[in-house]
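Below is one structure, written out as structure tokens, with a few remarks after it.
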Amino acid sequence: MLLVGVITASLLASVHAEASEITPASMPRVGTIDQRFQSYNVEMVEVTGGNFWKPYGKKPPGPLQDKPARTASELYAYRPPIDLTNARLRGLAAALAPAYLRVSGTWANATYFSDSDPAPLAPPAGFGGILTRRQWSGVVDFSEAVGARIVTSFAATRGTREADGAWTPEQARRLLAYTRSLGGSVAAAEFTNEPDLVSIDKTKDYDATAYGRDFRTFLMLVKQAAPEMIILGHGTIGTTATVSDLFAAAGPGIDAVSYHHYGAVSVRCAGTQTPEAAVSDQWLSRTDQTLAFYRAIRDRFAPGKPIWVTETGEAACGGNPWASTFLDTFRYLDQLGRLAKAGVQVVIHNTLAASDYGLLDERTLTPRPNYWGALLWRRLMGTTVLDSGMPRASLHVYAQCLPAVPGGVTLLVINTDLGSSYALTLPIASERYTLDAATLQDAVVRLNGHSLALEANDKLPRIDSVTVHAGVVKFAPATITFLTIPTAGNEACRN
């Protein structure tokens with residue numbers, strides 16, 4: 001029976017082995033992306049310490065059944081402030097440079113910046129947490145040490161408001177001034193985080209008109225206090241009429257359209273997404289659907305402006321249990337490939353090292369499969385985006401120039417078929433980097449058959465390739481492959 005199973009698997013794996021021809025030399029340029037295209041988020045609540053999405057542990061929560069909702073103890077767990085001086089954290093983050101470091105999130109909306117020492121023991125009325133000068137100084141120092149520029153948003157809850165409900169910019173002004181006093185800067189900012197998700201100041205009468213009034217106050221602040229800062233708008237997460245209302249009410253003034261995208265909410269928040277769907281086109285294409293909505297928003301309210309995805313991950317509410325496994329690396333890299341080809345300039349992953357969707361385990365700072373995917377993307381995918389000419393099916397093929405190699409091309413080839421191999425015919429030799437795992441929900445990922453792990457003293461392992469001769473190149477089921485072709489001779493990649 002075992003022999004029959006092996007033979008059957010072999011036959012299935014060869015069903016789609018017929019090779020499609022692909023010519024890297026003639027792939028046309030479709031655009032460019034920001035050099036910090038692949039970036040990451042450190043939640044404000046990580047910096048301050050507080051309750052964040054509770055890691056699943058060995059037993060994820062079951063169905064809600066007759067329960068109306070999860071309890072707070074099921075959803076959240078306290079975590080102390082992240083140690084941004086940790087050598088392992090800094091080394092792993094620096095390996096992804098250059099990047100943007102976004103310090104924001106839902107908790108940032110109600111975080112009080114204490115511009116004095118010592119900080120108060122409890123947040124003032126209308127706030128939910130405290131950001132100390134020392135903590136923010138740590139953010140600025142970390143960003144400089146790891147080659148990341150800061151992106152943030154500002155508090156906008158009741159504590160920042162006048163009696164008539166109007167937002168006052170004093171908290172934001174103090175944070176910007178203190179950053180400048182440290183010799184740092186905020187590269188880009190959203191006024192506040194996800195203004196369409198809940199009423200910003202928790203009152204029923206806060207609507208799009210009030211948001212527009214407050215946003216114009218924010219614009220005046222930026223003009224005075226940080227004129228060089230990129231104004232992102234509006235950090236919304238929905239695809240509803242509310243988003244259009246906010247853009248319309250805010251009027252002109254943003255430098256780039258920003259939005260957040262999660263394909264689903266996690267089982268932690270009663271989501272129904274299953275691991276079986278995690279490599280399906282229906283799941284992966286949700287990235288395209290959300291982008292289409294915001295591209296239309298951009299064309300209507302901010303024509304010609306670039307688009308940033310300032311928060312994204314496997315699923316909202318900390319990610320599903322498989323967000324920390326190789327299974328999610330298909331989404332992670334496919335999403336980067338799709339968005340780069342579509343012209344999105346920056347994609348900020350949530351998070352670097354918190355909860356189940358973190359690139360690193362929050363307790364040990366051990367790299368997860370998505371981190372290794374991120375590292376390969378950083379090293380092998382340049383900022384000039386090409387059209388591979390391959391229709392998207394189970395084999396997803398993305399192409400970009402190979403960094404620092406004039407004329408060189410990199411192909412990202414993702415085989416989402418769990419039972420069949422595919423093949424491409426290349427006219428010249430290439431260098432192969434293939435990621436796979438013993439099982440899809442494995443926390444250990446292999447590169448060309450060898451497990452990836454940190455070496456002694458937290459040193460990154462060698463990222464070695466395998467030379468592939470010109471001709472037919474096969475891609476096994478459930479694998480992700482980078483093919484670098486330094487001698488491609490692509491004219492679009494010569495500069």
Side-chain angles (χ1 to χ4, degrees), residues 24 35-40 86-99 145-148 324-330 332-333 336-337 349 352-353 358-361 364-383 398-415 426 428-440 442-470 473-476 478-488 493:
Q35 65 172 339
R36 302 172 190 272
F37 172 78
Q38 179 186 244
S39 295
Y40 49 83
N86 182 281
R88 175 180 284 189
L89 180 66
R90 288 192 170 204
L92 293 173
L96 301 181
V146 304
S324 60
T325 74
F326 180 58
L327 182 57
D328 187 51
T329 308
F330 290 85
Y332 181 84
L333 290 173
L336 291 180
H349 174 76
L352 176 62
L359 298 177
L360 310 174
D361 181 278
T364 65
L365 299 180
T366 300
R368 288 171 167 164
N370 279 356
Y371 178 84
W372 298 114
L375 184 65
L376 285 170
W377 177 284
R378 167 55 59 209
R379 294 187 179 184
L380 305 178
M381 301 291 273
T383 57
Y398 303 102
Q400 292 175 207
C401 293
L402 177 62
V405 180
V409 171
T410 301
L411 303 181
L412 170 57
V413 184
I414 303 173
N415 186 358
L426 273 71
I428 50 179
S430 60
E431 296 295 317
R432 180 174 192 146
Y433 306 79
T434 292
L435 296 174
D436 76 342
T439 66
L440 283 175
D442 202 321
V444 176
V445 66
R446 300 179 297 213
L447 174 64
N448 295 330
H450 302 284
S451 296
L452 287 170
L454 292 178
E455 297 179 352
N457 299 318
D458 295 334
K459 182 180 178 181
L460 287 168
R462 287 174 56 90
I463 303 298
D464 292 325
S465 62
V466 174
T467 300
V468 178
H469 299 296
V473 184
K474 292 185 179 181
F475 304 91
T479 57
I480 301 171
T481 299
F482 292 85
L483 285 178
T484 62
I485 312 165
T487 58
C493 299

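Computed from a prediction, not measured in an experiment: that's the story for all the values here. Side chains are part of it too, since the values below use all heavy atoms of this structure and drop only hydrogens, waters and symmetry mates.
For the pairing with Thr481, the side chain to side chain contact (heavy atoms under 4.5 Å, CB included) check across Ile414, Thr434, Asp436 returns one residue only, Thr434.
Donor-acceptor pairing under 3.5 Å is lacking for the side chains of Thr366 and Asp361. With no hydrogens or angles considered, a side-chain donor-acceptor pair links Asn370 and Asp328 at under 3.5 Å.
Side-chain atoms of Gln38 come within 3.5 Å of backbone atoms of Ala374 as a donor-acceptor pair (strictly under, hydrogens ignored). Of the possible donor and acceptor atoms, one in the side chain of Tyr371 sits under 3.5 Å from a partner among the backbone N and O of Leu92. Side-chain atoms of Asn415 come within 3.5 Å of backbone atoms of Phe475 as a donor-acceptor pair (strictly under, hydrogens ignored). Side-chain atoms of Arg36 come within 3.5 Å of backbone N or O of Ala99 as a donor-acceptor pair.
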| side chain to side chain contact (heavy atoms under 4.5 Å, CB included) between Leu411 and Thr484: does it pass, once the steps are laid out? | CA-CA 6 Å; Leu411 303 181; Thr484 62; over 6 Å; no
- Message: side chain to side chain contact (heavy atoms under 4.5 Å, CB included), that's the test. Do Phe482 and Leu333 meet it? Break it down for me.
- Response: CA-CA 11 Å; Phe482 292 85; Leu333 290 173; 4.1 Å; yes
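For the atom pair CG of Leu460 and CG of Leu454, the computed distance is 6.0 Å after rounding to the nearest 0.5 Å. Atoms OG1 and OH, on Thr410 and Tyr433 in that order, are 8.5 Å from each other to the nearest 0.5 Å. Here Leu336 contributes atom CG and Trp377 contributes atom CH2; the two are 5.0 Å apart, rounded to the nearest 0.5 Å. The CH2 atom of Trp372 sits 15.5 Å away from the CZ atom of Arg446 when rounded to the nearest 0.5 Å. Rounding to the nearest 0.5 Å places SG of Cys493 at 8.5 Å from CG of Leu402. Note that CG of Leu380 and SG of Cys401 are 13.5 Å apart. Values are rounded to the nearest 0.5 Å.
When all heavy atoms are compared, the tightest approach of Leu447 to Asp464 is CD2-O, 3.8 Å. The nearest pair of heavy atoms linking Phe330 to Leu440 is CE1-CD2, 3.8 Å. Nearest approach of Ser324 to Pro369, heavy atoms of both residues: O-CD, 3.4 Å. Residues Lys474 and Arg432 approach most closely at O-NH2, 2.6 Å, considering heavy atoms. Residues Ile428 and Thr487 approach most closely at CD1-O, 3.5 Å, considering heavy atoms. The shortest non-hydrogen separation linking Ile485 to Ala429 is CG2-O, 3.7 Å.
No more than 12 heavy atoms of other residues, nucleotides or ligands shown are found within 6.0 angstrom of CG on Asn457.
Between Thr329 and Val445, every side-chain heavy-atom pair lies at or beyond the 4.5 Å cut-off.
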